[in-house]
*Asks:* 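Have a look at this one before I ask anything.
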Amino acid sequence: MTKLKIAIQKSGRLFEDSLKILKECGISIENGTEKLKSVAENFPIEIFFLRNSDIPQYVEDGVADVGIIGENLLYESDNNLEVMLKLGFSKCRLSMAIPKKEEYCGIQLFNNKKIATSYPKSLKKFLTDNNLNSEIHTISGSVEIAPNIGLADAVCDLVSSGNTLFSNGLKEVHTILQSQAVLVKRNNLIPDVQEILDKLIFRIKSVLNARNNKYVLLNCPVSKIQEIAEILPGMKSPTILPLMDKNWCSIHSVINEYKFWEVIDKLKEAGAEGILIIPIEKMVF
Ligand code: PRP
């Protein structure tokens, strides 16, 4: 039976959320952390648990058909892969950082300096694009200690909360790249595999839409229906249900997470009462 082969991180910042999104797609995966490969019971998919930095090459070479990686790694690896979906988790940025006590006067500061990084190609692109001539020290981990031990003047590293930089006496001064997890695929998938991928993408989109939206129920005077419906356009248009009290009705709709508080304030101002907000399990268009 044809299966879609997907590569995900075996450990690290993307591992848990990658598994979580597949599980929320209803894909049942048995995973011991020592396992290299797992087959889903209820969806034609094989999951390969691989080292993060190996995933782009394995996908390009056809060992896997698709992979979940950070955009930062895609940028660094320069493989010929197509981004199918941004997945909204593992958000971070690739940034330049210098010792806290140093004054920052712009990117010229990096000229003729030693910079430590685990992302030499991305750093090289940044330096070339800005006509900066700096020495790159490639190290595979703990980049943030490089300035403290005299190995480098600055670092180019991933930043998420900023805690790692802060606790090593560094400050972020310039962002090279914003990153999040993405689903990538190789070229020339056979039609049967592409069909499975299309089904997976459809499910992932339903999960992401549900994560980004909430179901809202409220009561309002009948005289306010028009005003409130304009604030809450919903997927097609809001549902309006009568209440026992003929002067009142109940309105049901969907609101986007990002506009949530702004919309709630407007609803209250327009006369809505008893507003209930409910998480959505899946949202299928
Ligand atoms: C990155 C980066 C920092 C840390 C920053 O490492 O190299 O060590 O995350 O995160 P923070 O801003 O939330 O403190 P990652 O976890 O990707 O693993 P790595 O050490 O293998 O690079």
Side-chain angles (χ1 to χ4, degrees), residues 6-22 31 33-36 47-59 64 66-79 81 83 85-102 104 107 109-110 113-127 134-184:
I6 182 167
I8 67 170
Q9 241 188 24
K10 69 173 176 184
S11 62
R13 67 168 69 225
L14 285 93
F15 170 71
E16 281 185 11
D17 284 331
S18 301
L19 270 186
K20 187 168 169 225
I21 203 160
L22 293 176
N31 80 295
T33 39
E34 298 309 312
K35 271 192 161 184
L36 275 182
I47 299 106
F48 292 81
F49 300 94
L50 301 174
R51 267 171 56 125
N52 188 43
S53 54
D54 293 337
I55 294 177
Q57 197 60 48
Y58 276 125
V59 176
V66 295
I68 296 180
I69 55 173
E71 285 173 302
N72 60 294
L73 180 59
L74 190 62
Y75 189 72
E76 177 70 17
S77 64
D78 229 1
N79 287 84
L81 302 173
V83 174
L85 265 186
K86 293 196 181 223
L87 300 173
F89 60 82
S90 278
K91 289 190 175 164
C92 61
R93 51 206 184 268
L94 185 65
S95 286
M96 306 295 293
I98 59 173
K100 262 182 221 161
K101 57 182 183 323
E102 223 175 286
Y104 182 65
I107 57 171
L109 179 132
F110 299 113
K113 292 279 165 61
K114 286 191 234 166
I115 307 170
T117 189
S118 305
Y119 296 89
K121 289 187 192 160
S122 306
L123 175 57
K124 179 82 186 145
K125 281 184 209 162
F126 166 71
L127 296 172
S134 321
E135 201 180 309
I136 299 176
H137 277 264
T138 305
I139 40 184
S140 58
S142 302
V143 167
E144 58 281 351
I145 63 166
N148 281 327
I149 58 173
L151 184 69
D153 304 300
V155 302
C156 167
D157 199 9
L158 288 186
V159 184
S160 178
S161 64
N163 286 342
T164 305
L165 290 184
F166 184 80
S167 53
N168 284 280
L170 301 173
K171 62 180 176 188
E172 183 180 7
V173 291
H174 184 86
T175 297
I176 295 180
L177 178 81
Q178 295 285 350
S179 174
Q180 62 176 284
V182 286
L183 179 72
V184 292

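Whatever order the structure lists them in is the order used to number ligands and atoms, beginning at 1.
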*Asks:* With distance as the sole criterion, is a donor-acceptor pair present between the side chains of Thr175 and Ser95 under 3.5 Å?
*Replies:*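 Thr175 vs Ser95: donor-acceptor pair found between side chains.
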*Asks:* Verify the contact flag for atom 22 (O) of ligand 1, where contact means a protein heavy atom under 4.0 Å away.
*Replies:*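 No.
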*Asks:* Where is the nearest protein heavy atom to atom 14 (O) of ligand 1: which residue, which atom, and how far?
*Replies:*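 Sorting protein heavy atoms by distance from atom 14 (O) of ligand 1 puts Thr164 OG1, 2.4 Å first.
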*Asks:* Under the criterion side chain to side chain contact (heavy atoms under 4.5 Å, CB included), which of Leu151, Ile115, Leu123 is the partner of His137?
*Replies:*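 In the set Leu151, Ile115, Leu123, the residue that makes a side chain to side chain contact (heavy atoms under 4.5 Å, CB included) with His137 is Leu151.
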*Asks:* Would you indicate whether the side-chain heavy atoms of Val59 and Asn79 approach each other to under 4.5 Å?
*Replies:*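 No, side chains not in contact.
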*Asks:* Taking Glu144 for its side chain and Asn168 for its backbone only, find out whether a donor-acceptor pair lies under 3.5 Å.
*Replies:*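 Pair absent, no side-chain N/O of Glu144 close to backbone of Asn168.
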*Asks:* Using a 4.0 Å cutoff against the non-hydrogen atoms of Val159, which atoms of ligand 1 qualify?
*Replies:*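 Answer for ligand 1: 12 (O).
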*Asks:* Compare every heavy atom of Lys171 with every heavy atom of Pro99, then report the nearest pair and how far apart it is.
*Replies:*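 In terms of heavy atoms, the two residues are closest at O-CE, 3.9 Å.
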*Asks:* Take atom NZ of Lys124 as the centre, draw a 6.0 Å sphere, and report whether it contains more than 12 heavy atoms from other residues, nucleotides or ligands.
*Replies:*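 Atom NZ in Lys124 is not crowded, with 12 or fewer foreign heavy atoms closer than 6.0 Å.
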*Asks:* Below 6.0 angstrom between ring centroids: does that apply to His174 and Phe126?
*Replies:*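 Judged by ring-centre distance (under 6.0 Å), His174 and Phe126 do meet the cut-off.
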*Asks:* Under 4.0 angstrom from ligand 1, any heavy atom of Gly162?
*Replies:*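 Yes, that is the case, since the closest heavy atom of the residue is under 4.0 Å from the ligand.
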*Asks:* Looking only at non-hydrogen atoms, which of Gly70, Ser90, Ser142, Ser161 approaches atom 13 (O) of ligand 1 most closely?
*Replies:*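 It is Ser161 whose heavy atom sits nearest to atom 13 (O) of ligand 1.
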*Asks:* Is any heavy atom of the protein nearer than 4.0 Å to atom 11 (P) of ligand 1?
*Replies:*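 Yes, at least one protein heavy atom sits under 4.0 Å from atom 11 (P) of ligand 1.
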*Asks:* Could you work out, for atom 9 (O) of ligand 1, the closest of Glu144, Arg13, Arg93 by heavy-atom distance?
*Replies:*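 Minimum heavy-atom distance to atom 9 (O) of ligand 1 goes to Arg13.
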*Asks:* Could you tell me whether ligand 1 has any atom less than 4.0 Å away from a heavy atom of Val143?
*Replies:*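 No.
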*Asks:* Which of the numbered atoms in ligand 1 are under 4.0 angstrom from any heavy atom belonging to Asp157?
*Replies:*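 Counting atoms of ligand 1 from 1, those under 4.0 Å from Asp157 are 2 (C), 3 (C), 7 (O).
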